[in-house]
Amino acid sequence: MRIIWHMHSCFEINDRSTVVTDPHDGRSIGVKPPSLRADIVTISHDHFDHNAIRVIKGEYVLVKDIAPRTVKGVAVRGITGFHDNVNGEKRGKMNIFHITMDGVRFCHLGDLGHMLTDAQIKELGEVDVLFLPVGGVFTIDGAQARTLVRSINPRVAIPMHFRVGGLSLSIQNADGFLEGLPEEKVVRVGNEVEFEADDLPDETEYWVFSQ
């Protein structure tokens, strides 16, 4: 199984099928345009830096709601979250997706702007690989993200939606999220990583992708 980061909140998860999350066109946010082909595309919300489906090639199934479904052996379900901490009054609702592929349970938190309730965490269920925003301003920040990781307790936590070179959005880098984490638990993986389900750690590791 392989995860490729196309920057921002866009990840490509490959095994027998390919899932792409929150595609952007690159140019609109000041980074390299991604080259993507997918079987399934999930959209957490309709903001320009998360819904650029025009860049996706292939005959894919587009998932923009939380209704549970199984596509090409991949199970996708969602719960509703908010893009702010005032129940969506500023930036609206967004989808949190739980994706199960070949026994590995992924969760993509989209542009989550608030801390999840105990009820929401229970509804999410077990998570092996968690993608979560850490850049603040429009989402939770690094300190909040660390707290959320402890609550969800994934085997792997992957920061996203943080400042990188060239990015035109005024958000923070990932330092606030990584601050204070045990050095041996932080794994820098470049822009892609391959792994087997049996290789995932028992205690949370933090996989940090880079350009």
Side-chain angles (χ1 to χ4, degrees), residues 1-23 34-42 44 56 58 60-61 63 66 68-79 81 95-110 112 116 118 120-134 142 145-162 174 177-178 180-211:
M1 186 169 288
R2 180 170 62 162
I3 302 173
I4 303 171
W5 185 47
H6 294 279
M7 288 187 278
H8 211 40
S9 300
C10 183
F11 290 87
E12 178 183 347
I13 308 168
N14 290 311
D15 201 42
R16 287 177 289 184
S17 298
T18 298
V19 176
V20 170
T21 65
D22 281 10
S35 176
L36 296 165
R37 180 177 294 273
D39 297 301
I40 304 162
V41 179
T42 62
S44 64
I56 309 291
Y60 57 84
V61 174
V63 181
I66 63 173
R69 71 204 75 195
T70 299
V71 180
K72 296 187 178 182
V74 179
V76 183
R77 60 180 175 86
I79 68 173
N95 304 314
I96 296 168
F97 287 112
H98 188 287
I99 302 162
T100 303
M101 179 186 294
D102 289 328
V104 179
R105 298 160 297 191
F106 299 88
C107 178
H108 189 282
L109 292 179
L112 184 69
L116 295 178
D118 290 343
Q120 287 173 314
I121 291 172
K122 183 177 180 180
E123 187 176 358
L124 273 181
E126 296 293 323
V127 174
D128 296 310
V129 180
L130 177 68
F131 304 96
L132 75 167
V134 304
R146 284 199 310 274
T147 299
L148 200 52
V149 170
R150 291 194 292 269
S151 298
I152 296 175
N153 193 31
R155 299 173 74 178
V156 173
I158 298 176
M160 64 179 185
H161 205 276
F162 58 85
F177 174 67
L178 300 174
L181 294 178
E183 186 176 343
E184 67 274 12
K185 294 295 185 181
V186 178
V187 182
R188 299 186 183 275
V189 298
N191 82 317
E192 67 177 81
V193 62
E194 291 192 24
F195 64 96
E196 300 290 338
D198 292 342
D199 296 333
L200 292 174
D202 293 328
E203 295 185 359
T204 303
E205 284 185 353
Y206 299 82
W207 292 0
V208 183
F209 287 73
S210 58
Q211 295 169 278

Just by distance, do the side chain of [X] and the backbone of [Y] share a donor-acceptor pair under 3.5 Å?
X: T21; Y: E12; answer: no
X: R77; Y: L124; answer: yes
X: T204; Y: V156; answer: no

May I ask you to test the [X]-[Y] pair for a side-chain heavy-atom distance under 4.5 Å?
X: F97; Y: L109; result: no
X: D198; Y: L200; result: no
X: L36; Y: C10; result: yes
X: V63; Y: V41; result: no
X: L148; Y: L130; result: no
X: V129; Y: V104; result: yes

Could you state the interatomic distance from [atom1] ([X]) to [atom2] ([Y]), rounded to the nearest 0.5 Å?
X: T18; Y: I56; atom1: OG1; atom2: CD1; value: 10.5 Å
X: T42; Y: I99; atom1: OG1; atom2: CD1; value: 4.5 Å
X: K185; Y: Y206; atom1: NZ; atom2: OH; value: 9.0 Å
X: E192; Y: F209; atom1: CD; atom2: CZ; value: 8.5 Å
X: K72; Y: R16; atom1: NZ; atom2: CZ; value: 13.0 Å
X: L181; Y: R146; atom1: CG; atom2: CZ; value: 6.0 Å

Criterion side chain to side chain contact (heavy atoms under 4.5 Å, CB included) on L116 and I152, from CA distance to verdict: CA-CA 9 Å; L116 295 178; I152 296 175; 4.1 Å; yes
If you look at every heavy atom in [X] and [Y], which pair is closest and at what distance?
X: S151; Y: I121; result: CB-CD1, 3.6 Å
X: I96; Y: C107; result: CG2-SG, 3.9 Å
X: I40; Y: V74; result: CD1-CB, 3.5 Å
X: S9; Y: H161; result: OG-CD2, 3.5 Å
X: P159; Y: A157; result: CD-O, 3.8 Å
X: P133; Y: A145; result: O-CB, 3.7 Å

D118 and Q120: CA distance, side-chain angles, deciding distance, side-chain hydrogen bond (donor to acceptor under 3.5 Å, both in side chains) verdict: CA-CA 5 Å; D118 290 343; Q120 287 173 314; over 6 Å; no
Heavy atoms of other groups near E196 CD, more than 12 under 6.0 Å: no
Ring center gap for W5 and F162 short of 6.0 angstrom: yes
Aromatic contact, F11 with F106 (centres under 6.0 Å): no
H108 and F131 aromatic ring geometry - parallel, tilted or perpendicular at 30°/60° bounds: tilted
Test log, rule side chain to side chain contact (heavy atoms under 4.5 Å, CB included), inputs I66 and I79: CA-CA 6 Å; I66 63 173; I79 68 173; 5.6 Å; no
Trace of the side chain to side chain contact (heavy atoms under 4.5 Å, CB included) decision for I13 with M101: CA-CA 9 Å; I13 308 168; M101 179 186 294; 4.0 Å; yes
Pair D22, S44: side-chain N/O donor-acceptor within cut-off below 3.5 Å: yes
Salt-bridge present (R155, E203; N to O < 4.0 Å): no
Side chain to side chain contact (heavy atoms under 4.5 Å, CB included) assessment of I4 paired with N191: CA-CA 6 Å; I4 303 171; N191 82 317; 4.3 Å; yes
